[in-house]
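A quick write-up on the structure given underneath.
Since this is a predicted model, take the numbers as computed values, not measurements.
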Amino acid sequence: KYKLSIPVPPPKRAPLPAVAGEAGLPLVVIDAGHGGIDPGAINAATSLREKDVTLRIARAVRDALLASGRVRVALTRDDDRYLMLGERSGIARRLRADLFISIHCDSVGAGDATGATVYTLSEVASDKEAARLAARENKADVIAGMDLDQNPDVSSILIDLTQRETMNASADFARLLGREAAERMPVKANFHRMASLMVLKAPDMPSILFETGYISNPVDAAFLDSKAGRERIAESVKRAVEVYFARRTAAR
């Protein structure tokens, strides 16, 4: 009787993206939502895809942040590729990011919903719309045949809710972003919301998900897909980032 043992090689990690900016500065990782086989939300009238819009916005945010000279920046993806939810925050954690910003566009099947929102982590959704968004975004990996609800590895990375410092820092940045965005782009009255979003569950890295507007709304979609719109979004993020890190430096 023979027994054959074949060693299983460890899973390969994707190479880390390049980091731009001066060494020693805080690192901001920008995540363009969706990509590759996952188009995200699609505008029914124009076929504008969320994955394309988010990548263009992420690049604009990167360029604005680098021009400020106050932070380093990396993108989780700089092309049309698919990344699983855990990979996105995982890339940022492996880079030891000081702030993680995931860029998305919202969508509704009907109605004239408009305006940007920002989400930070909470196991309890702040409202029904936050719960709806979490249900939709957390299922992104099912497209690649990986159901997060059935993946035992997910439980090992769920945030320990006793680590309030990270969640509070995320909320601080969300409030700053709301202040800056309100002056430059359409935002919802209840801009800062909370939801149980997988992409935000790194326990040691302040993280937000920025829904930059409704791709299903023709006015919002035109804004999101315009150079002027991207510049306003990028300027909002840049100013919020500058204040956020200035405050954290002063508090040390």
Side-chain angles (χ1 to χ4, degrees), residues 13 16-17 19 21 24-33 58 61-62 65 70-76 83-104 116-127 130-131 133-135 137-138 140-141 148 151 153-181 190-212 236-252:
R13 279 185 169 183
L16 289 173
V19 175
L25 294 174
L27 173 60
V28 180
V29 172
I30 310 296
D31 172 48
V61 172
R62 172 197 61 194
L65 290 176
R70 300 188 183 185
V71 294
R72 295 176 295 141
V73 186
L75 299 182
T76 57
L83 292 171
M84 291 189 296
L85 296 174
E87 286 182 277
R88 296 173 184 274
S89 57
I91 287 169
R93 292 187 74 196
R94 287 164 61 197
L95 288 172
R96 298 185 181 276
D98 298 285
L99 182 63
F100 177 75
I101 301 174
S102 189
I103 304 290
H104 287 257
T117 48
V118 68
Y119 288 84
T120 57
L121 181 66
S122 172
E123 291 303 311
V124 179
S126 57
D127 53 50
L133 176 121
E137 295 295 347
N138 288 350
D141 285 346
L148 289 173
N151 179 11
D153 292 335
V154 170
S155 61
S156 68
I157 64 169
L158 294 180
I159 190 168
D160 179 356
L161 292 178
T162 62
Q163 295 179 306
R164 291 291 174 182
E165 183 178 354
T166 296
M167 297 173 73
N168 289 339
S170 302
D172 288 344
F173 179 74
R175 285 189 286 269
L176 289 171
L177 180 57
R179 185 184 72 184
E180 299 299 335
N190 53 339
F191 177 75
H192 179 200
R193 298 178 174 185
M194 291 170 286
S196 181
L197 291 159
M198 284 301 307
V199 77
L200 302 181
K201 290 192 173 184
D204 51 359
M205 179 178 65
S207 308
I208 67 155
L209 186 143
F210 188 14
E211 291 280 359
T212 50
S236 301
V237 175
K238 184 197 81 169
R239 288 175 180 262
V241 164
E242 288 176 345
V243 176
Y244 174 79
F245 285 115
R247 287 183 176 178
R248 293 188 75 78
T249 299
R252 289 174 185 170

Reported CG-to-OG distance for the pair Leu176 and Ser236, which is rounded to 0.5 angstrom:
12.0 Å
What distance do Thr120 atom OG1 and Leu197 atom CG have between them, rounded to the nearest 0.5 Å?
9.0 Å
Counting heavy atoms not belonging to Arg175, are there more than 12 under 6.0 Å from its CZ?
yes
Once side chain to side chain contact (heavy atoms under 4.5 Å, CB included) is applied, do any residues pair with Arg96, and if so which ones, sequence neighbours excluded?
none
Side chain to side chain, Pro26 and Tyr244, heavy atoms closer than 4.5 Å:
no
CD1 on Ile91 to CG on Asp31, rounded to 0.5 Å:
8.0 Å
Distance-only side-chain donor-acceptor flag, Lys201 / Ser207, under 3.5 Å
no
Inter-residue atom distance Phe173.CZ - Leu99.CG, 0.5 Å rounding
5.0 Å
Test Val19 against Leu27 for side chain to side chain contact (heavy atoms under 4.5 Å, CB included), laying out the working first.
CA-CA 8 Å; Val19 175; Leu27 173 60; 3.7 Å; yes
To the nearest 0.5 angstrom, please state how far the CD1 atom of Ile208 sits from the OG1 atom of Thr117.
10.0 Å
Checking the side chain of Thr212 only, and the main-chain atoms of His104 only, is there a donor and an acceptor separated by less than 3.5 Å?
yes
With Phe210 via ring pair (Phe, Tyr, Trp, His ring centres under 6.0 Å) - residues at least two apart
none
Taken to the nearest 0.5 Å, the spacing of Leu177 CG from His192 NE2 works out to 10.0 Å
